[in-house]
Amino acid sequence: MRGSQARGDVMGLIRPGIEELADSPIIDVWRMGFQVEGVIGMWAGEPDVPTPAFICDAAAKAMADGHTFYCHNRGIEPVRAALVSYHQRVYGLEIPESRFALTSSGMNAVMLVAQALIEQGDNIVAVTPSWPNICRAMQMNGADIREVAMGRGDAGWSLDLDAVFAACDARTKLIYLASPGNPTGFMLEREEGERLLEFARARNIAILSDEVYHRIVYDRPYAFSMLEIARPDDPVFIIGSFSKSWAMTGWRLGWLVYPEGLAPTFEKLIQFNTSGAPQFLQYGAIAALNDGDAFTAEFVARCAAGRAIVNERLGRMARIRNIPNNGSFYAMFSVDGVSDTLNFCKRAVVEARIGMAPGEAFGKGAEGLVRLCYAKSAENLTEAMDRLEHFVAGYAEG
Ligand SMILES: Cc1ncc(COP(=O)(O)O)c(C=O)c1O
């Protein structure tokens, strides 16, 4: 108990719920890699190309022009206008600026939604495998996590919506789903979105639709968005990010689309969290939204080339079974005879100098799987596949 802590026992001051949060096993492996020279890192969801110059230049110019002050909590007026026209251009949708907030990363947008909705004792239903940070953010705000695993087979990943609905009860605040998925690449189809929305409306449960990979797709111009079917008053929250489509992971910029009427709620939450994203960076975001299509197309073509290399090589490797991936930029595979994928990934860093993420990081449904990010150069991926093949051939668990 806090009252009985000796003076100076700082740990005694920390909320137990924070101490109990598990660290991400992805970071565990990543940390090991810092000491390994020449390691090819495919652990994180990050392209190996820097942000294009036209975006950097716009931010640098804004900084030089004196855009260095506090600004509107939901983002400067031109960035909200750019978000409006981006959604018009990509989806043909008219969404008023009052439903957008520019956030300090997609992750920050997730945290804002968690803070807005979750009360102690609520639960959230998360479709897994999923990026671990989302559920951790929900837990930090007091939610119990109910994971519903997707099915996996030779045709790829499948979503059992009836299992999602069955996991919901009177204390369920939101259903989390990423499409395209990380780590699965799974993409929600319109009919599935419609069933999900119908359920959410009937039960007044929020849908947190994580669409940060909406442009990283290979068989269509963009992934289906819940925005295409949601009414302005539906309990639908969309997470967007500048990280993936425009190679801006380090900028920590994203956006949130929320139901109409909630602008004051999110202004307040942003005010008390970050007081808004850096103004000059927002000029980079405007350049990305308005003029970034050519870069995105080039980047997606590069990912498609990486995907082809990885899928072809994994498909031919003895002991490896690769699950077909449709969107985002990850491969997920199992290795015959390997159940402890954290140990597999740790040893791969040291013994083969390749960085991958263990399946156990991604929750139910990812047991025994390994994830790698193929948003990398063809040269690095080819070398990484050579190293992996050699490593797996000699790998024995234990
Ligand atoms: C599924 C998913 N959602 C959200 C994010 C957060 O993106 P960021 O915080 O970089 O904008 C990521 C990042 O990897 C992700 O994979």
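Atoms within each ligand, like the ligands themselves, are counted from 1 in listed order. The model shown is predicted, which means the values in this text are computed figures rather than measured ones.
Residue-ligand proximity, N182 to ligand 1, at heavy-atom distances under 4.0 Å covers atoms 1 (C), 15 (C), 16 (O). In the vicinity of G106, heavy-atom distances shorter than 4.0 Å reach the ligand 1 atoms 8 (P), 9 (O), 11 (O). Atom numbering of ligand 1 starts at 1 in the shown order; those under 4.0 Å from a heavy atom of Y213 are 1 (C), 14 (O), 15 (C), 16 (O). Each of the following atoms of ligand 1 lies closer than 4.0 Å to a heavy atom of K244: 13 (C), 14 (O). Of all the atoms in ligand 1, the ones that sit under 4.0 Å from a non-hydrogen atom of S241 are 7 (O), 8 (P), 11 (O). Each of the following atoms of ligand 1 lies closer than 4.0 Å to a heavy atom of R252: 8 (P), 9 (O), 10 (O). Using a 4.0 Å cut-off to heavy atoms of S243, the atoms of ligand 1 that qualify are 8 (P), 10 (O), 11 (O).
Relative ring orientation between F344 and F391 is described as tilted, the plane-to-plane angle lying within the 30° to 60° band. Aromatic ring orientation, F242 versus W246: tilted (interplanar angle from 30° to 60°).
The shortest separation from a heavy atom of G45 to ligand 1 is not under 4.0 Å, leaving the residue out of contact.
For an aromatic pair to be called close, the ring centres must be under 6.0 Å apart, and F54 with F295 fails this.
Each of F266, F100, F237 was checked for a ring pair (Phe, Tyr, Trp, His ring centres under 6.0 Å) with Y258, and the lone residue meeting it is F266.
Polar contact with ligand 1: present for M107 (N/O pair, distance under 3.5 Å).
Inspection of the N273 and N108 side chains reveals no N or O donor paired with an N or O acceptor under 3.5 Å.
Inter-residue side-chain proximity for N325 and R307 is flagged as met; some heavy-atom pair is nearer than 4.5 Å.
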